[in-house]
Structure formats: structure tokens, C-alpha cells
Amino acid sequence: MIRDMTDETHVTDSYFPAEVERKWRARWDEEGTNSFTDDAIARIGREGRPFYNLMMFPYPSAEGLHVGNIYAFTGADIHGRYRRLLGDNVFEPIGFDAFGIHSENFALKHGVHPMELIPRNIENFTRQLRRVGFMYDWSHTVDTTSPEYYRWTQWLFLQFYKAGVAVKKEAPVNWCPGCNTVLANEQVIAGACERCGSAVEMRTLSQWFFRISDYAQRLLDNLKTLDWSDTTRRMQENWIGRSEGAELVFPIAGMDGESVRVFTTRPDTVFGATYMVLAPEHPLVDRITTDQRRTAVNEYIQAVVSSDLVNRKITDKQKTGVDTGARAINPATGQEIPVWIADYVLMEYGTGAIMAVPGHDERDFAFAQAFDLPVRRVIAGSGDSADSPVGEVYSGGGTLVNSGEYDGMESGEAKSAITAALAQRGLGEARVNFRLHDWCVSRQRYWGPPIPILYCDACGTVPVPEDQLPVTLPFIENYKPDASGISPLARHEEWYLTECPSCGGRARRETDVSDTFLDSAWYFLRYPSAGNHLAPFDPEVTRNWLPVNTYIGGNEHAVLHLLYSRFVTMVLKDLGHIHFEEPFTRFRAHGLIVKDGAKMSKSRGNVIVPDDFIEEYGADTFRTYLMFLGPYQEGGDFREAGITGPYNFLNRLWDAVLSAEDRPIDPAVERKLHATIAKCSEDLGELSYNTAIAAMMEYLNVVRTGGRTPEREAVQPLVTLIAPFAPHMAEELWSRTGGEGSIFDNGRWPTFDPAKTVADEVEFVVQVNGKLRARLVMRRGITESEARDVALSDANVRRFLEGVELRKVVFVPDRLVNLVVG
RNA sequence: GCGAAAGUGGCGGAAUGGCAGACGCGCUGGUCUUAGGAACCAGUGGCUCCGGCUUUGGGGGUUCGAAUCCCCCCUUUCGCACCA
């Protein structure tokens with residue numbers, strides 16, 4: 001009867017997802033159900049606490065939205081919808097991360113200009129995203145390639161420049177010969193380009209860097225305060241790579257004032273340093289190499305430079321190297337030791353030089369073996385002594401031997417003692433070293449925001465005045481990069497030649513663009529202020545909405561995007577632009593969706609096209625199915641057959657709600673209802689969606705046992721419980737059962753009474769010696785002795801007690817009695 | 001090599017010290033029926049003399065009791081990788 005009253009469209013009694021979904025999508029758009037006006041954003045619009053629900057914005061590829069995107073967004077959307085049903089004022093934006101090499105390469109390959117390609121892709125993505133029923137505020141969206149956005153990316157660069165955080169320096173950089181551009185260290189995986197897989201070369205170029213390494217300690221310390229997935233936190237920790245040790249000074253024999261500084265985590269082994277190794281690129285090499293050795297050294301350096309990083313970073317190959325002829329003085333022993341160069345020492349870590357302790361370091365040992373260098377034992381592990389043979393490496397801690405006055409000291413203690421003693425003689429100091437390097441942001445490509453810097457013959461480096469932003473990326477026909485290391489924009493004099501803003505003379509624009517990761521390192525600040533022409537982020541709005549409450553995304557961005565975002569936020573805080581230094585209060589990494597156990601990829605041909613499934617079963621079923629596959633934070637295996645489970649479930653739920661009748665609820669059903677609400681509430685808070693769905697299914701099975709007609713009171717709460725998963729259906733059921741407006745505005749997450757989740761009687765497990773022998777119903781709260789008597793009176797239990805002595809009774813209230821016999 | 005996570009029916013998975021296999025797929029049988037990609041009912045790890053026995057990668061241990069905690073081994077996935 002109720003259904004006839006609200007049946008405005010021709011939605012029939014049977015569940016037709018396509019009709020229901022079309023109807024509600026249109027209504028959400030018309031009524032702006034999910035959007036905030038800018039005014040509402042400024043005043044914190046609706047009622048309730050502001051809750052910023054963020055998900056990693058997609059790169060709008062030409063292939064369109066894939067299952068992985070939908071999986072990620074659905075989990076995040078459910079989170080947002082749940083918070084909204086709890087009464088929070090949820091802001092859930094989406095945008096597009098559309099600059100970068102990926103788009104540019106695609107454009108080059110297909111002969112379409114990115115300025116044509118990207119808007120088309122964004123349009124397609126938007127269309128697809130709308131079909132899935134996300135709660136996006138389409139009035140606050142972001143496109144990193146729009147001048148309205150990158151104007152502020154450039155503004156950011158200028159702030160960093162003025163603060164001395166952005167610096168141009170001549171430095172060895174990772175050059176990708178495939179992409180024809182430099183890469184950040186984070187983009188180099190085992191010596192290869194993470195994008196195209198080419199072996200990365202080292203080139204020395206003048207590039208813009210952000211001094212993220214100055215923030216290493218803070219980035220590390222703050223991790224402890226964040227509510228983040230452990231996996232993500234650990235990846236950042238490893239990437240920052242803090243190690244404690246000492247920097248020690250080894251004077252060069254016969255060269256006054258010349259010395260080699262090394263970083264070591266094992267100053268306790270300095271007495272065992274029998275030679276030194278410098279990276280082939282080390283600036284000292286040229287000066288200290290003796291004349292006799294110069295030819296050999298130069299040849300070796302040539303060979304190393306012409307090889308690539310992939311090759312160089314193979315760890316199990318035969319060690320190579322060459323003696324420079326120079327001799328250094330071991331500051332601990334006073335002995336002269338040879339100085340070699342070898343490619344296993346990397347210029348980019350520590351000081352680019354090491355003291356080699358072959359007795360206690362595997363790599364040094366391998367090198368010493370190859371070149372017949374002396375090995376000396378200075379640490380004795382358990383069972384070793386000073387005279388133990390040095391046929392193998394011992395890299396653990398222990399007691400010092402062959403170390404003069406330090407003999408007998410434990411290595412932990414010796415580390416600080418030796419460092420202190422050397423420091424007193426000016427030959428060392430305690431030192432913390434980080435793996436994290438400065439972030440190279442220059443890219444010799446076309447598809448990115450031009451770096452807003454000018455070079456004037458008279459004034460030198462001049463920042464573009466802020467009121468002249470944006471420096472617009474021009475449309476150029478030939479944007480193909482080349483191997484020269486010079487950007488495509490550098491081929492366009494009409495663009496780069498300009499007037500110096502300070503002297504009026506001729507100036508040349510910086511022709512490199514910035515790294516895409518800079519675009520995405522601050523987009524979350526822009527969303528609430530999207531459309532603001534006066535500032536990148538309105539101070540008032542930002543104070544109301546940030547930091548982000550929950551951020552959900554993939555772990556593939558654990559070090560790149562998340563680290564850069566944290567860094568950018570810290571700098572902005574230090575510069576007084578924002579009031580917080582950590583952008584994402586809570587971060588959860590979602591899992592990966594695979595197909596038949598393998599990652600989905602075009603080359604494997606196992607990519608799932610979501611459109612077909614949405615067409616056939618509807619977005620609600622598709623969403624529910626994806627979340628039911630497995631734990632959201634672990635991912636799952638996409639199996640087409642499985643979708644009928646959630647489809648049937650939603651059908652049954654629909655029927656149950658619409659066929660319910662008004663009569664008192666059965667006490668057993670009521671108990672199950674309260675238990676189900678409790679379970680769903682707990683699970684949604686933890687993003688444990690698969691078990692929440694299972695709990696609802698289980699409950700619906702109880703409600704409909706034997707095809708019984710359900711009580712209204714029993715099924716009405718299900719409409720709200722399912723709403724985060726199947727929002728269209730929930731709206732329709734809400735409206736058909738007399739609800740006003742949108743369930744997300746007027747519905748409330750149901751509450752439960754803990755007392756009602758349990759019955760007066762409970763089923764006890766009765767064990768004999770830990771083995772199940774009976775299940776007996778007893779009164780809730782029964783005492784141990786009563787329960788024991790009940791258990792002992794059971795015939796089957798008694799059978800197992802014959803002829804043995806009862807030794808002990810283990811009692812778990814309302815749960816279990818275990819009779820221990822012997 | 002280092003670090004981390006995981007290993008449970010035919011399959012996806014549930015249970016994190018107390019009934020292993022919830023929920024779903026698939027499968028078997030049945031009811032109804034406009035014979036169906038519907039709904040409902042019963043069953044579904046293995047063995048069984050129908051009392052039970054056995055079972056969570058393998059082996060050992062702790063415990064009254066272990067998928068869960070500890071040790072060793074195997075396998076898989078992910079991250080880092082000559083980081084001094």
C-alpha cells in the first residue's frame with residue numbers, strides 16, 4: 001500500500017536496478033544532495049561535525065575507469081556515506097591528476113595532443129564515475145592541468161623558492177633514456193625507470209630540487225603520531241632510512257690537509273679497517289690518484305660511467321675496483337692503508353666513501369677476497385677469540401679484540417667510546433645519516449606546469465611575480481622530448497624569451513616543467529577552496545575542513561605521493577600558510593584487486609570492464625560484490641560467478657522490506673537484529689566491509705526463514721545498514737516506506753541495545769580434556785558450580801568420565817565448561 | 001640478501017586463546033511453478049563399525065584447551081636492495 005503512494009516513476013515492485021539507479025542519480029544531481037555551496041563550505045554547511053573524506057584522485061587514462069579504481073573509490077565512498085549516516089557533515093570530493101609522462105606518452109603514441117586528449121578522458125571518467133553512485137561533491141572538483149589549478153602549483157613553487165626550500169643545483173641525477181627526462185630517486189626501482197623500465201643513467205645536470213632531506217627526522221618522528229596502516233608507515237620508515245653511526249676522518253698520507261671522510265654505522269670496527277674505497281665519482285679521486293695509477297683509474301672510471309645503474313646495482317656480481325695508489329691513515333691504528341675505488345660504493349649515500357672492514361662486512365669481505373687485501377678480526381662473536389681464523393665474515397656484535405685499549409669492550413659501548421675518542425682528536429663525530437634524498441622536481445618534458453622562474457643576464461635567477469601567474473603552458477605542435485636533456489619548451493623562443501620583471505631587460509624562462517607529484521602533493525588543500533580566484537586555499541575554509549579526516553588509497557603511493565604531501569604540508573605550516581603539519585590524520589591502504597590470482601593488466605588480457613557488470617546487475621550490486629570479495633584492506637580475487645550472491649541478496653532484501661507487515665517483532669529476530677547492528681557498526685568503522693555484508697546476509701536469512709513474512713521493525717533498519725553499499729536501492733526503499741527526502745540527509749544509522757543482543761539462555765560448550773562432548777543450554781550468568789553440575793549430569797559427558805578421576809574444571813562464563821580428567 | 005604480510009573445503013573467504021569452515025559461489029537431492037540466471041527446504045572437509053575418529057603448509061613446543069601464542073623448516077605475495 002505504501003509503495004503505491006510513493007510510486008511516482010514507473011518503478012515496479014520487482015527490483016529493477018537500472019530504473020532505480022537512473023531515478024536516484026538524477027535526483028541527487030537535481031537536488032544537490034551531495035554538493036556544498038561555497039557558502040556552505042565556508043560556514044560548514046549542513047549540521048554535524050565536518051568530516052573530510054578523501055580518496056586518491058585518479059589519473060584519467062584513455063582506457064577509462066577500471067575495476068581497481070572502482071574498488072578503491074567504493075570502499076572510500078562507503079566510509080563517507082557511513083559517516084554521513086552517523087550524522088557527520090561529510091565532504092567527499094574527486095578530481096583528476098592529469099599532468100605527467102603517462103598522459104604525454106599515450107598522446108605521443110596515438111598522435112593526439114594532450115590538450116585534446118585529457119579533456120576527453122576527463123569527460124569520459126566523469127561519466128563513468130557518475131554511474132557508480134559515489135557521493136561526490138561535483139561542485140568542488142580539481143583538474144591539475146587547468147591553469148586555474150597549476151597557477152597555484154606555481155605559486156607553491158615560488159613560496160618554496162623564497163624560503164630556500166627550492167634550490168637549483170648542479171648534481172648527479174637519474175636520467176631515463178626511455179622517457180628522456182630526469183627522475184626522482186623515488187622513481188628509480190633497482191636502477192631502472194619505474195615507468196618504462198629503461199636502465200637509468202647518471203648525468204650531472206643543473207636541476208631544481210626541494211630540500212626534503214632537511215625534513216627527514218621530522219617526517220620520521222611524526223609517523224608515530226599518525227593513525228595510518230602499518231604497512232604504509234613501515235614503507236615510509238624504510239624509505240627515510242635513518243641510520244646512526246659516525247663520520248670518521250682518514251687523512252691521506254703525504255698530502256697535507258687532505259683527508260677522506262666516511263660514514264659508518266660500525267665505528268666499533270674501525271681497528272679492522274684495512275683499506276678504503278671511494279665511489280668512482282668521488283671528487284677526491286682525481287687529486288689523490290698517483291701518477292703510476294692514473295691510467296688504470298681513468299679506464300675504470302670510464303667503464304663505470306658508461307655502464308648503467310641497473311648493471312651497477314646487481315649485488316651478487318663479481319666485485320670490481322682499482323687501487324688509486326694513495327694511502328690513507330687509519331685514525332685508530334695509525335697504520336697506512338690503501339685507497340681503492342670501486343663501483344660498489346655509491347656516491348649518493350653517506351659521503352661516497354667507506355672504510356672497508358672485510359672481517360665484518362660481507363661486501364668488503366668479497367672485495368678483499370677478489371683483490372687479496374688483508375682481513376682483520378676485531379669483533380669476537382660468541383665462541384670466537386682474537387685468534388679465530390678469518391675465513392668468513394662476522395657481521396654481528398660482540399666483544400672487541402685486536403683493538404688496542406678497547407679490547408674486551410662490548411661493541412655497543414665501543415661505538416660511542418671510539419667515536420668520542422676520535423672526535424677529541426678532530427678525526428670524527430657521531431652522525432645520523434638518512435637514505436632520503438632531496439626531491440628533484442625538474443622534468444625535461446612538455447606536459448606539466450612550467451617552473452615559474454626567469455633567468456636574466458643582469459639580475460640572475462628571478463622568480464616570476466605572483467601576480468603574473470600562471471605561466472601558461474603553450475600549445476605546441478611538436479612536444480616530443482629528445483635525448484639532449486633540453487626540454488621541448490626550449491625549442492620555442494617566442495615562448496621563453498621575455499622581459500625581466502625587475503630590470504626590464506631580456507630574460508629567458510625556465511623551460512623545464514615540474515614533476516607531476518608536485519601537483520598531487522597539495523590537491524587536498526585545493527578541494528574545499530576549488531574555484532577561489534584569490535588564493536590557493538582560503539584560510540577560513542582550510543581551518544574548518546583540514547586536515548583530512550580519512551584518506552584512502554593504494555600502497556603504491558606509500559613513498560612517493562604520501563611522503564611528498566607530508567613534506568609540502570610541513571613546509572606550508574612552517575611558512576605560516578596553514579595551521580597543521582600532517583595532512584592526513586588517518587590513512588588506510590586498500591588492497592589490490594586481482595583476476596585469477598594475477599594482477600590485471602592489458603598484456604595479460606585479464607582486465608575487467610566494469611561497465612558490462614553495472615549494465616547487467618546495477619551499480620549497487622557491483623559495489624556490494626566488490627566489497628564482499630575479501631577484506632578491503634587486503635584486496636581480493638575477482639570471479640565473475642560470485643556476483644550472483646550479492647545480487648540475490650539485494651533482491652531478497654528488497655522483497656523483504658516491501659513485503660513486511662506491521663506486527664510485533666519476534667524476540668529471537670530482535671536479538672539477531674541488535675547483534676547485526678552491533679556487528680555492522682563495528683565493521684564499518686574498521687572498513688571490514690566483507691564481514692559486515694556477511695552479517696546482513698545472515699540476518700536476512702533469519703528474518704526470512706521458511707519464507708516467513710518479516711516484521712516491519714525487523715527489516716526497516718536494514719534499509720539504513722545497506723545504504724552505504726547500495727545507496728540507490730536504499731533511497732528507493734526509504735522513499736517507498738515513507739521516508740522523507742534522501743536517506744542520507746534524514747536517515748540515521750540505527751543504534752543497538754547491548755542488552756538486547758543476548759538471550760537469557762546460552763549454549764555452553766562442554767569439553768572433556770579439551771574435546772567437545774556436549775552442547776548444553778544453560779541460564780545466562782550461571783555460576784561455575786551450577787554449570788559443572790549440569791555438565792556432569794549429561795549422559796554423553798558421563799560416558800567419558802567413567803573410570804577416571806576429575807582433576808580440574810575450567811569455566812568460562814556463559815561459554816564453556818572443560819572437565820579435565822586423568 | 002634484508003624487512004613485512006600471508007598459507008584454512010572444489011573456489012572466495014570467516015573465526016586472533018574456547019563449537020574450525022560464518023557468509024557467498026559451486027555442487028547434490030527435494031518442494032512449488034508460467035520449467036527459470038526465480039523463491040523456499042535439506043545436504044555439502046575426510047574417514048566411519050554411526051559410538052566416534054580425524055582435519056587449518058610441514059615439524060616441534062607452551063596450555064585444561066592452539067588456525068590463533070613461541071621455535072625451526074617449506075611456499076607465496078609485497079616492499080627495499082652493494083644504504084656502508
Side-chain angles (χ1 to χ4, degrees), chain A residues 14 189-191 230-232 234-235 237-239 241-243 245 262-266 269 277 312-317 319 342-346 348-357 360-364 366-367 395 433-436 555-556 558-559 591-592 594 596-597 599 616-617 625 628-631 634-649 651-652 655 688 690-701 704-708 763-775 796 799 807-812 815-822:
Chain A
S14 296
I189 308 297
D230 285 340
T231 48
T232 315
R234 198 162 296 119
M235 282 165 81
E237 251 171 50
N238 291 343
W239 190 263
R242 182 183 199 272
S243 39
V262 300
F263 174 74
T264 177
T265 53
R266 296 294 302 273
T269 63
V277 186
R312 179 159 175 186
K313 295 213 172 183
I314 295 170
T315 56
D316 50 4
K317 69 174 181 197
K319 293 266 185 291
D343 68 350
Y344 83 93
V345 173
L346 308 173
E348 71 233 38
Y349 186 78
T351 61
I354 61 157
M355 64 175 203
V357 185
H360 304 283
D361 180 282
E362 304 225 5
R363 297 151 300 174
D364 297 345
F367 191 80
S395 52
N433 199 56
F434 293 95
R435 206 188 97 104
L436 183 67
N555 247 344
E556 70 271 20
V559 286
L592 210 65
V594 299
D596 305 321
K599 215 166 160 174
E616 193 169 353
Y617 296 95
Y625 170 60
F628 188 60
L629 279 180
E634 283 165 38
D637 201 342
F638 191 97
R639 290 172 60 257
E640 301 179 11
I643 198 167
T644 53
Y647 183 63
N648 292 342
F649 163 64
N651 263 295
R652 280 150 39 84
D655 289 344
S688 302
N690 58 331
T691 49
I693 294 166
M696 284 187 267
M697 286 173 165
E698 204 180 327
Y699 175 61
L700 192 62
N701 287 343
R704 300 207 17 164
T705 310
R708 75 197 270 281
E763 193 180 72
F764 264 71
V765 171
V766 178
Q767 299 177 332
V768 177
N769 279 356
K771 280 203 186 345
L772 176 72
R773 294 305 174 196
R775 292 169 188 170
N796 194 46
R799 260 178 0 100
R807 297 217 167 142
K808 187 177 164 187
V809 177
V810 177
F811 176 72
V812 181
R815 247 174 154 166
L816 164 140
V817 176
N818 186 12
L819 305 166
V820 184
V821 297

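Lettering of chains follows the sequences in order, A, B, ..., and the numbering in each one begins at 1. Values below: all heavy atoms of this structure, side chains included; hydrogens, waters and symmetry mates excluded.
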Residue [X], side-chain heavy atoms: nucleotide from [options] that is nearest:
X	options	answer
A:Arg799	B:G51, B:C53, B:A84	B:G51
A:Glu616	B:U54, B:G37, B:A84	B:G37
A:Trp239	B:A81, B:A84, B:C40	B:A81
A:Met235	B:A84, B:A81, B:G79	B:G79
A:Arg234	B:A39, B:A84, B:G3	B:G3

With a 3.5 angstrom cut-off on both distances, give the Watson-Crick or G-U wobble partner of [N], or none if there isn't one.
N	answer
B:A35	none
B:C19	none
B:G29	B:C41
B:A5	B:U76
B:A14	none
B:C50	none
B:U63	none

Interatomic distance where [atom1] belongs to [X] and [atom2] belongs to [N] [whole Å]:
X	N	atom1	atom2	result
A:Glu640	B:G37	CD	C1'	14 Å
A:Arg807	B:U63	CZ	P	15 Å
A:Asn769	B:C53	CG	P	12 Å
A:Arg708	B:C41	CZ	P	12 Å

With rounding to the closest Å, how many angstrom separate the [atom1] atoms on [N] and [M]?
N	M	atom1	answer
B:U62	B:G46	C1'	29 Å
B:C74	B:G58	C1'	7 Å
B:U8	B:G3	C1'	26 Å
B:G17	B:C69	P	8 Å
B:C11	B:U16	P	23 Å

*ring-ring contact (aromatic ring centres under 6.0 Å, His included) partners for A:Tyr344, two or more places apart*: A:Phe367
*Do any pairs count as a side chain to side chain donor-acceptor pair (under 3.5 Å) and have a residue in residues 691-701 of chain A, sequence neighbours left out, and if so which ones?*
A:Arg652-A:Asn701, A:Lys672-A:Glu698, A:Asp683-A:Thr691
*asked:* Could you check B:G79 for me: syn (within 90° of 0) or anti?
replied: anti
*Classify every nucleotide of nucleotides 13-28 of chain B by which part a protein heavy atom approaches to under 4.0 Å, writing B for the base, S for the sugar-phosphate alone and - for neither, in 5'-to-3' order.*
SS---BB--BBSS---
_Counterpart residues, salt bridge (charged side-chain N to carboxylate O under 4.0 Å, His left out), relative to A:Arg242 (two or more places apart)_ = A:Glu244
*asked:* For A:Tyr647, give me all partners under side chain to side chain donor-acceptor pair (under 3.5 Å), at least two apart in sequence or on another chain.
replied: none
*For A:Thr644, enumerate each residue passing the side chain to side chain donor-acceptor pair (under 3.5 Å) test, keeping only those at least two apart in sequence or located in another chain.*
none
*For B:A81, does OP1 or OP2 lie under 4.0 Å from any side-chain N or O of A:Arg435?*
yes
